[in-house]
2 protein chains.
Amino acid sequence: MYQTEQEYLDNYRIQNYDIPLLSIDVAIFTLIAGRLHILLVERGSFPFKGAWALPGGFINKQLDENLHACALRKLEEKTGVAISTALPHLEQVETVGNAERDPRGWSVTTLYMALIPYAQVKGFTDTVTDARWWPFDEAKALSLAFDHETLLDKARTRLKNKTAYTVLPIHAVSAPFTLTQLQQAFEELLEKPIEKKSFRRRILSAELLEEAGQGLPEGGLGRIATLYRPAPGCGEHTFVWSLG
Amino acid sequence: MYQTEQEYLDNYRIQNYDIPLLSIDVAIFTLIAGRLHILLVERGSFPFKGAWALPGGFINKQLDENLHACALRKLEEKTGVAISTALPHLEQVETVGNAERDPRGWSVTTLYMALIPYAQVKGFTDTVTDARWWPFDEAKALSLAFDHETLLDKARTRLKNKTAYTVLPIHAVSAPFTLTQLQQAFEELLEKPIEKKSFRRRILSAELLEEAGQGLPEGGLGRIATLYRPAPGCGEHTFVWSLG
DNA sequence: ATAATAGTGTCTCTCAGACATTATATA
DNA sequence: TATATAATGTCTGAGAGACACTATTAT
């Protein structure tokens with residue numbers, strides 16, 4: 001039909017094709033008072049107007065350099081977290097597509113999962129009126145928009161699995177923190193207790209933390225604890241063991 | 001604007017939105033004479049006409065029930081493998097999207113990875129003229145269409161990682177097989193030798209194999225080996241250890 | 001002192017790696 | 001017999017779980 005690639009491209013119109021709708025959804029987790037919470041937004045427009053949903057939306061070809069940047073933009077819009085600040089963990093979980101999940105027809109969404117320390121976003125999310133943090137179990141009991149209950153489960157499963165073999169929960173606590181605080185974060189995400197000595201042995205021998213002074217434990221009672229912060233460059237090469 | 005969800009849906013036209021192109025690509029791996037190969041197709045149309053690429057294409061809203069089914073359809077079209085037959089492993093790897101990967105503009109592709117025994121597809125792929133099996137290293141040296149060199153790496157990495165903690169390579173050998181054959185498959189996918197006794201201990205204690213008679217080793221020389229086939233329901237709950 | 005929390009010592013059990021040894025087939 | 005491959009025996013060291021014990025703080 002066309003003789004050259006340039007000629008083909010000049011005549012290409014995406015509107016001529018019957019393509020599915022594509023969106024991005026982000027399951028944003030944090031720990032509030034030690035318990036797992038997730039950020040949900042109340043939908044202000046159709047479809048599912050008024051229902052709670054994961055933050056998400058469409059790719060903006062002008063604003064978003066790539067898929068990850070698009071997810072990061074959603075994360076920032078809802079949490080006010082500045083990219084440069086600290087350690088907002090953001091990773092792609094799975095892409096789901098079928099004819100049933102959206103009443104507008106065959107649609108595809110790429111699910112991301114984020115984990116951030118509450119201290120870093122509390123000020124902002126408190127001021128946002130259409131979004132709020134839900135304890136995870138309560139969120140699961142809501143009737144969410146689209147197939148977001150399924151997406152919630154997928155994100156939660158990823159969170160749990162990675163906690164068993166990486167130091168992912170480090171992204172849920174603000175530095176500096178005690179090893180006990182970090183262990184409690186691990187236990188909440190893993191949904192089971194961890195033996196203290198084993199935890200300390202592994203987390204310290206991994207050399208992913210550096211000391212950051214000393215401080216009293218939460219509650220102000222007990223022996224002074226050593227404080228830690230993530231070591232520089234502890235980014236993602238954090239896979240070594242198998243917990244639980 | 002609209003008062004009810006139904007009214008909104010009645011007036012919804014996807015063509016009114018500026019959405020990116022969405023495709024599916026499948027990295028299909030097999031072992032030929034013990035070496036890792038990947039199936040590539042020579043593109044017959046623009047863009048990248050004449051270049052080698054991963055099998056893939058667009059979702060067909062009528063034919064495809066969901067994303068996985070779409071990937072399965074691509075797999076079947078190129079390999080002739082019947083879904084019902086045996087164990088074609090197919091899993092989603094990652095979704096990539098940006099403005100550069102496709103000259104037609106901002107585009108998104110969901111990458112799948114498949115692993116099948118060569119014996120199951122040899123007859124069919126031999127007859128297909130626009131597709132051929134490439135040794136993995138040679139494929140990497142080709143100049144592939146789009147960002148398929150990157151995709152190839154992502155799929156290869158997933159293959160390698162999962163080999164370390166699942167029995168994924170079981171999908172690369174035809175039953176019945178000897179433990180030595182299975183070990184060689186593991187070693188090729190893992191790119192390093194495995195200690196024989198350790199391998200046998202773990203693979204047998206996982207109880208994912210059942211005995212399937214006895215046979216001479218390849219080459220016809222040596223002690224009679226026990227043959228095995230995957231145990232029914234060894235599907236995917238195959239994660240237990242950490243090899244290497 | 002007492003309660004509370006931080007941090008350590010150390011035993012045991014499991015299991016991977018290493019490697020020697022035995023068993024059984026063909027030529 | 002020699003050669004090749006299958007399959008097992010067993011020692012060692014690393015590390016996780018268990019749990020008792022010591023150390024240090026506030027009240």
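Every chain is numbered from 1 and lettered A, B, ... according to where its sequence line falls, protein lines coming before strand lines.
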Handout entry: Protein-nucleotide distance (A/Gln184, atom CD; C/dA4, atom C1'), rounded to Å
Key = 13 Å
Handout entry: Member of A/Gln92, A/Glu94, A/Lys74, A/Glu91 meeting the side chain to side chain donor-acceptor pair (under 3.5 Å) criterion with A/Tyr112
Key = A/Gln92
Problem - Minimum-distance nucleotide (side-chain atoms of B/Thr178 versus C/dA18, D/dA6, D/dA18) - result: D/dA6
Practice task
Give a yes or no on whether the backbone of B/Ile116 and the side-chain of B/Thr30 come within a donor-acceptor separation of less than 3.5 Å.
Solution key: yes
Problem - Stacked cation flag B/Arg156 on B/Phe136, 6.0 angstrom / 45 deg - result: yes
Completion exercise
Checking C/dA25, D/dA7, C/dG17 against the side chain of B/Ile224 (C-beta onward), the nearest is C/dA25
Exercise for the section: Rounded off to whole Å, could you give me the CG-to-C1' distance for the B/Leu227 and D/dT5 pair? Expected result: 14 Å
Practice task
Among C/dA16, D/dA4, D/dA6, find the nucleotide with the atom closest to the side chain of B/Leu221.
Solution key: D/dA4
Problem - Nearest-nucleotide pick for A/Lys197, side chain only, options being D/dA18, D/dG9, C/dA6 - result: D/dA18
Exercise for the section: Assign each of A/Gly222 and B/Pro217 to its nearest nucleotide of DNA chain D by heavy atoms, then name whichever residue's nucleotide is nearer the 5' end. Expected result: B/Pro217
Practice task
Return the nearest nucleotide to the side chain of B/Arg201; candidates are D/dA6, D/dA16, C/dG17.
Solution key: C/dG17
Handout entry: Nearest-angstrom distance from the residue atom CG of A/Leu209 to P of C/dG7
Key = 12 Å
Handout entry: Donor-acceptor pair, side chain of B/Asn66 and main chain of B/Ala69, under 3.5 angstrom
Key = yes
Handout entry: Integer-rounded Å distance: C/dA16 C1' and B/Phe186 CZ
Key = 15 Å
Problem - Any donor-acceptor N or O pair under 3.5 Å, side chains A/Gln184, A/Glu188 - result: no
Practice task
Can you tell me the distance, in whole Å, between the CD atom of B/Gln214 and the P atom of D/dA6?
Solution key: 12 Å
Practice task
Taking only the side-chain heavy atoms of A/Arg223 (C-beta and beyond), determine which of C/dT8, D/dT5, D/dA23 contains the nearest atom.
Solution key: D/dA23
Handout entry: Listed nucleotide nearest any side-chain atom of B/Leu216, set C/dT26, D/dG9, D/dT5
Key = C/dT26
Practice task
Measure from the side chain of A/Glu195, starting at C-beta and using heavy atoms only, and say which of D/dC19, D/dA6, C/dG7 lies closest.
Solution key: D/dC19
Handout entry: Whole-Å distance separating the CG atom of A/Leu204 from the P atom of C/dA6
Key = 14 Å
Handout entry: Distance in angstrom units between A/Glu211 CD and C/dA6 C1', rounded
Key = 13 Å
Handout entry: side-chain N/O B/Arg200 vs D/dA7 OP1/OP2, d < 4.0 Å
Key = yes
Fill in the blank from the handout: Note: for B/Gly220 and A/Lys196 on DNA chain C, the residue whose nearest nucleotide lies more 5' is A/Lys196
Exercise for the section: Would you mind reading off the distance between A/Tyr228 atom OH and C/dA6 atom C1', rounded to a whole angstrom? Expected result: 10 Å
Exercise for the section: Give a yes/no on whether any side-chain N or O of A/Ser198 is located under 4.0 angstrom from OP1 or OP2 of D/dG15. Expected result: no
